[in-house]
Amino acid sequence: ADAIDVEAIREEFPILQREFDGQQVVYLDNAATTQTPDPVVDAMSDYYRESNANVHRGIHHLSQEASEAYEVAHDRVAEFINADGREEIIFTKNTTEGENLLAYSWGLAELGPEDTVVLTEMEHHASLVTWQQIAKRTGASVEYIRVDETGRLDMDHAAELIDDDTAIVSAVHVSNTLGTVNPVSELTDLAHEHGALSFIDGAQAVPNRPVDVTEIDADFYAFSGHKMAGPTGIGVLYGKQNLLEDLNPYLYGGGMIRKVTFEDSTWGELPWKFEPGTPPIAEAVGLHAAVDWLEAIGMDRIETHEEELAAYAYDRLEAEEDVEIYGPEGGPDRGGLVSFNLEGVHAHDLTSIMNDHTIAVRAGDHCTQPLHDKLGVPASTRASFYVYNTRDEVDKLVAALDDARQLFA
Ligand SMILES: Cc1ncc(COP(=O)(O)O)c(CN[C@@H](CS)C(=O)O)c1O
């Protein structure tokens with residue numbers, strides 16, 4: 001596929017023209033959140049200006065328009081990840097809420113002392129803390145697939161850990177710290193061989209590469225709108241329909257019920273059963289527009305762009321003898337981000353120097369504290385790329401290291 005036209009894409013992001021202290025912003029914090037193109041902003045503004053109403057099939061025209069827009073957004077997301085239909089697409093607040101929905105609706109009901117939850121050492125706190133706490137409440141145990149010295153999962157260890165006591169395997173598709181692209185189909189197959197479920201955290205995958213949940217055969221899959229050129233306040237939990245049918249909701253209210261009496265209630269059909277109260281309607285319109293916008297570029301072209309940029313950044317940083325990089329070398333095993341440390345300079349100091357050059361990167365543990373403990377570092381600096389980033393911006397990042405060396409090293 002031919003390369004994407006970055007300059008044309010940048011025209012749709014006025015924020016990228018912003019300057020601080022006379023320097024144009026270099027936005028390299030996309031794993032935290034991506035910027036929002038004009039068509040997505042316009043779609044949400046138009047909704048508020050012209051179609052705003054509450055959903056759940058009100059009688060009046062505006063409510064019917066809003067309900068249609070909200071429901072069709074589910075269809076569009078289902079198509080985007082190759083799910084069977086809107087029944088398998090639950091809109092949440094974000095990836096974190098999707099993981100909690102699964103842990104509360106399924107985990108609390110199904111896990112017990114004889115069960116094991118298998119995670120990986122590179123899990124984000126959104127799944128690691130969630131499963132850790134649900135396991136404590138149910139008596140289940142938690143085991144972690146080892147990350148090897150290259151930053152990849154030790155799949156021999158995975159095959160050892162995943163056995164007939166395993167109730168669920170929960171794994172990140174692309175690590176937000178290492179950039180590692182995990183073999184999620186293989187992990188899912190291992191889970192299924194032992195009658196376990198598979199949950200995949202796709203927060204750093206759906207925005208950046210083609211994802212086909214049917215091909216992966218994951219039972220559940222979660223991601224966020226704000227990491228894929230969409231708005232904050234909306235995420236998606238995908239689940240196989242037959243599994244979702246058997247789950248009870250853990251959040252109750254209007255819109256999710258079929259019948260309510262003073263004695264008891266029955267639940268509405270999918271996906272509304274898991275969407276109580278007034279949902280993120282404008283955000284769903286924005287997410288729909290973001291999916292259209294991304295697909296117009298092409299997810300395979302986005303994947304190639306990010307892989308090449310991350311490989312370029314990896315090579316440039318690798319050439320600096322006082323830089324330590326975490327995760328696999330540039331290529332198909334690394335998504336669009338690079339975390340690293342500059343010898344003798346704390347990540348927070350380096351990141352503030354970067355900010356002096358109006359370069360936006362992230363310092364910290366990226367919500368993967370156990371992984372940083374394993375790496376033996378308190379924090380790292382992370383540059384993460386998207387469709388509007390360029391090699392020139394990577395060069396600026398590398399050039400700014402000298403300032404940090406003079407000041408801190
Ligand atoms: C792999 C992974 N899994 C879950 C989440 C949570 O996404 P939410 O939309 O915040 O719920 C994130 C978001 N990681 C941000 C905030 S720590 C980062 O800077 O890396 C993630 O990267």
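Only this structure's heavy atoms are used, side chains among them; waters, hydrogens and symmetry mates stay out. FYI, the numbering just counts along the sequence from 1. Both ligands and their constituent atoms are indexed starting at 1 by order of listing.
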Between [X] and [Y], do the side chains contain an N or O donor and an N or O acceptor separated by less than 3.5 Å?
{"X": "H192", "Y": "S198", "value": "no"}
{"X": "S67", "Y": "Q64", "value": "no"}
{"X": "Y312", "Y": "D395", "value": "yes"}
{"X": "H194", "Y": "T166", "value": "no"}

- Task: Please say whether the positively charged group of R10, taken as NZ for Lys or CZ for Arg, lies over the ring of Y388, i.e. under 6.0 angstrom from the six-membered ring centre and within 45 degrees of the axis.
- Result: no

- Message: The criterion is side chain to side chain donor-acceptor pair (under 3.5 Å); which residues satisfy it with E318, sequence neighbours excluded?
- Response: none

- With hydrogens left out, which residues have an atom under 4.0 Å from ligand 1, given that only heavy atoms count? A31, A32, N94, T95, T96, H124, A126, V172, N176, D201, A203, Q204, S224, H226, K227, R362, C367, R382

